[in-house]
Each structure stands twice: as structure tokens, then as C-alpha cells.
Amino acid sequence: MMFDDLRDLYQEVILDHGRKPRNFRRLEDADRTARGDNPMCGDRMELQLRLAPDGGIADAAFQGRGCAISMASASLMTETVKGKSEAQARALGARFRELAMTGACPACGADLAEEMERLTPLSGVHEFPSRVKCATLAWHTLNAALDGAKEASSE
Amino acid sequence: MTDGLHGVGGFDVHRIRQDFPILSQTVRGKPLVFLDSGASAQKPRPVIDAMVRCMEERYANVHRGAYFLSEAATEAYEAARSAVARFINAADDREVVFTRNSTEAMNLVAHSWGRGVMRPGQAVVTTEMEHHANLVPWQMLRDDNRDIALRICRATEAGELDLDHLAALLADGRVGLVAVTHMSNVLGTVTPAERIVAMAHAAGAKVLFDGSQAAVHRRVDVQAIGCDFYAFTGHKLYGPTGIGVLWSRLEQLERMPPFLGGGEMISMVTLERSEWAPPPAKFEAGTPAIVEAVGLHAAIDYVTAIGMPAIEAHERALVDHAMRRLTEIEGLTLLGRAQDRGGVFSFALDTAHAHDLSTLLDRAGIAVRAGRHCAEPLHARFGMEAGTCRASFGLYTTSAEVDYLAEALVKAREFFA
């Protein structure tokens, strides 16, 4: 069929998270809120974090609209960072961006291997330069939230 | 469908496609199906050759040197102006001002007419269906503390201009300028130009048309339309980027102050002051786009040789075919159902976001634009903030390509279902 080779990009797990994003809700007791925008595509999300007393991420949720890639990435991101320390969450973000841009992540074999495994279905995006920012928007927004900033953009 | 093989004036789309070198390539192993001509059209061999020849044989700066090459280049540049004047039936070559693109042409009017001629208390009317290029300059004029208001004419649910609303906006006689698209870059709607001009003139307002899309698909006769300003761009008309056109009547251009200052636009300069050159030079500061003007001339000769009526007939058949094929696709929402429309279709699928859809179509070799096409307010108007995909046709588009698009859309919908 016409689009068979696109199953690398749109793996079943991505289509599933794109259709039914997890943690797609409002956090009533959020400590941090940041908005992420891809002005060129109209992708937009609001990410909320509830922080634990030690500064770790106790809960993460998002709302917004966008393509399957951006919604799936935000969904997987919130699942992955829940229960992580701030340093771990930032490290995951840095590795994910490398994965999205190059398709590989040499540092991923070390710690957090299981978490990175969960994110690898999105690695196919590196073959689509115009779509990388769809996958990274959620992680830019996470950094903004952790920085205490209100806005993020992956343009 | 025969792709107009036996259409008006012997229009043979397969022969025409051979004039466009880029169309013969494959993308990701599939034949290129280029459906983004509304953003920028591909270039035929005569345009490419004319520009190369200009640089190889006849290039120097224009209007400056008293030597053979400069005179030859000046002659070629001014010949391009004459070709544009004939193309839009301008009364005088001097009514054709070369700009960088339509955007610059409309900014020129906003600056020189809006700030130089319009009076405090007057208003500009633009519409909900404009490209940002015909909205943002007027917002900037409104915000320039000159007491010039901005009024926005609504579009109907069908994607046509709401002429009753236009009449209401014109009623108080305070409108100085109506700035409106001649063909929507999102909806494909062709606006009733003569009627708009009659309404505006009766209310004492001038009319500017953004002809970026229309000039490619229809014969434009500025005298028959009766408008006051007409803007279009070279790169959508199978010519090069970097050259556009503002047409206005000579007496109007004479009344307007310059836009940019510099060389070429002056008649006399001292350290204290300067006097302006007559139009069109008054509006062409600095070294112009010489090679691009030559390319635009070649593009105009190219479409004129094929014949605008033949191009229009071919595209009309394509539009009818596309309407049939697209509207039968389940789950597809098409923006705009104007009676009079050209080959621009913006649509969304219920199961797929515009960007996912364009990535899929790209895999099938189909180039469409995804997003809001520089018309965010219009997408908001139709509740399509997330954007649409847009397929836009050129004179080289075939009905087989439309069929292939329709087939791909059905499969894309299944892919995401």
C-alpha cells in the first residue's frame, strides 16, 4: 500500500498515543505551567507539573492540539518524567532531542535506559527534518516549566 | 477527462509539462505531483533561459551607464515593464512599478497612499479572507497614530465576500481605501472585482486588489476592472522570485510621496534636500531586480503565447473535476464553496492533522502546503485553527494528478483511522 514505509514514523504506539494521549487533563494543584507553541504549524500545548517536596516531578499533565507526532510525544513525555528528579527529566530531554534529530543516542545505554526505550518509537522522526520540532515541542515546554518560564517554542 | 488534450486553443498539458524541467523528477521514488503552485509556481525553460542569457550576454546596471551593455540592460528592463503593462492592459507603461513582491507592493500603497494621501478620520476596509500581506500593513497603518481606522469585511459561510457587509462598511463615506483579494489563496474564491469597484467608488473610496493568485489564473484588465491599485508577484506567475508589480493610475502615482529613498528615485539631490523623479522611478529606489524583470518578461510571454483564455479553460475543467473528486471523500472538510473559484483547495481530514497528512502525501510524491497559509484569521473564521492542507494548481496540473491526490487522501484517512 501507498504509505507502508511510513510505519517507521507512525508506529502503532505513536498512532495510539496521538489518538488517545495519556495525561491529557488539567492539574488543579499544579506548581508549574508552561505553554509551548509551534507558530508555523499551529501546534500548541499547555504543560502542567506538580512538584514533590524534593523538587522531583510528582505529576505531569498537558492539554492542547497538534499533529499525531506532537501529541504522542507529549503523551509519552508526561508518562516518562513522572516520578523523575529534575536532573533526570532534563537529561531525558537532552537525549530525546538527540534521538529525534539523529535517530541515535550513544548516551542512552547508560542510566535511564528503560525510559529511553519507551521514547524510541519517535526516533523515526529524524528522517523528516520538517517534523523534528513536532516531536521536541513537549520537551522544550518541559524545560520551560522546570525553568519557571511561561512560554516555549521549538521554532 | 482528457486533461484538456483537445481543449481550447489546442492546449496540451503534456506538451506544456515538458517545458518545466523540474516536473520530470521523482520524489522518494514516485513521480513528483506538485500541488503547491499557489505558494510559488515552477519555472518553464524559456524563463530559465532568458535569465541565464541576460547574465551571460546583456548584464549591467540599468539607467546609469552610457555604454553598450548598460543601455542593452536598460532596454531589457524597460521592455519588461512594457510587457507587464500589456499583460494587464495598463494605459501607460509608467503606471507599472516594479517591487520585490506583492507584499512590498501593498506595503508601498499603505505607506505612500495610506500615510501620504489619506486623511485623518478616514478608514481602510480589508476583509476576513486576506493573506496576511493584505492585512498586516493596514493594521500597522491603523496603529500609526494617524487617526485612520481599519474595518474588516466578513466572508460568508460559503467563503464569498459578504457584499451586504461591505455596503454597510462603506455607508458613512469615510472609507478612503478598500484593500481586497482578487482571489483567495485559501478558499480559491474569486471576488467580484467590478462590483466591488462600483460600490467603493460610489462611496468615494479607492480600491486595491491583491492579485497574487488571480493574475496567474485569469486575464486581468485593470482598465476594465476600473480599480485604482493592482498588485501581483512574478514567482507565482511562473517567473522568478524577487520581482513583483504594483500598478496604479499615473495621476495617482504622481500624488503619492515616495516609499523608499535612495538612488534612481530622485531628479535632483543636494545635501539639504532632494526632488523626486517622476513615476515609476520615484518608487524604484536602488538597483532594481534586473535579471528577475527579464525573467518576468519571459514568463508573461510564455503564458501569453499559450493564451490566458486557454489556461483559464484548462483550470476550470480541473477545478470542476477536483470539486467532484474531493467532495466525495468521506471525512474530508473543504473550506469554501464559492460559485466563482480558481484552482486552490484547502481541506482537512477527520482522522488526520494537516501536518501528518502532508507528510503522508509527500511519501506519495505529492507536494501540498500544510498550515494556515498566511491566513490565520480566515482559518479561525472557519474553526480550523489547527490548519488545513492546501492543493493549488498551475497550468501544468493534470486531472490524473487530481485523481492521484484523491486516491492518496482516501488511503491516508484509512492509515490514521
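Note on naming: letters A, B, ... go to the chains in the order of the sequence lines (proteins, then strands), and numbering restarts at 1 for each one.
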query = More than 12 non-hydrogen atoms from neighbouring residues, nucleotides or ligands closer than 6.0 Å to CD on A:E117, yes or no?
reply = no

task = Given side-chain contact (heavy atoms from CB on, under 4.5 Å), test A:F3 with B:E414 step by step and report yes or no.
result = CA-CA 10 Å; A:F3 306 120; B:E414 288 165 6; over 6 Å; no

task = Give a yes or no on this: more than 12 heavy atoms of other residues, nucleotides or ligands lie within 6.0 Å of atom CE of B:M140.
result = no

ask   = Of the backbone (N, CA, C, O) and the side chain (C-beta and beyond), which part of A:R44 lies under 4.5 Å from a heavy atom of chain B, both, or neither?
value = neither

ask   = So which part of A:L15 gets closer than 4.5 Å to some heavy atom of chain B, the side chain, the backbone, both or neither?
value = side chain

query = Tell me, do A:F128 and B:R363 make a side-chain contact under 4.5 Å, heavy atoms counted?
reply = yes

ask   = Does atom CZ of B:R100 have more than 12 heavy-atom neighbours, drawn from other residues, nucleotides or ligands, at distances under 6.0 Å?
value = no

Proximity breakdown for B:A370 and chain A, heavy-atom pairs closer than 4.5 Å = neither

note = dist A:L9:CG -> B:T359:OG1 (nearest 0.5 Å) comes out at 6.5 Å

remark   = One should read off an interatomic distance between A:Y10 OH and B:D356 CG, to the nearest 0.5 angstrom, of 3.5 Å

query = When you look at CD of A:E12, are more than 12 heavy atoms from neighbouring residues, nucleotides or ligands closer to it than 6.0 Å?
reply = yes

task = Begin with the C-alpha distance, continue with both residues' side-chain angles, and end with the deciding distance and a verdict on side-chain contact (heavy atoms from CB on, under 4.5 Å) for B:H353 and A:D43.
result = CA-CA 10 Å; B:H353 187 277; A:D43 291 351; 3.7 Å; yes

inquiry  = With a strict 4.5 Å heavy-atom criterion, list every residue of residues 77-93 of chain A that contacts chain B, or say none.
reply    = none

query = Mind checking which of residues 45-68 of chain A sit less than 4.5 Å from chain B, heavy atom to heavy atom?
reply = A:R65, A:G66, A:C67, A:A68

ask   = Can you tell me if A:R19 uses its side chain to pair, donor with acceptor, with the backbone of B:T351 under 3.5 Å?
value = no

inquiry  = Check this for me: B:K30, atom NZ, are more than 12 non-hydrogen atoms of other residues, nucleotides or ligands nearer than 6.0 Å?
reply    = yes

ask   = Has A:E114 got more than 12 heavy atoms of other residues, nucleotides or ligands less than 6.0 Å from its CD?
value = no

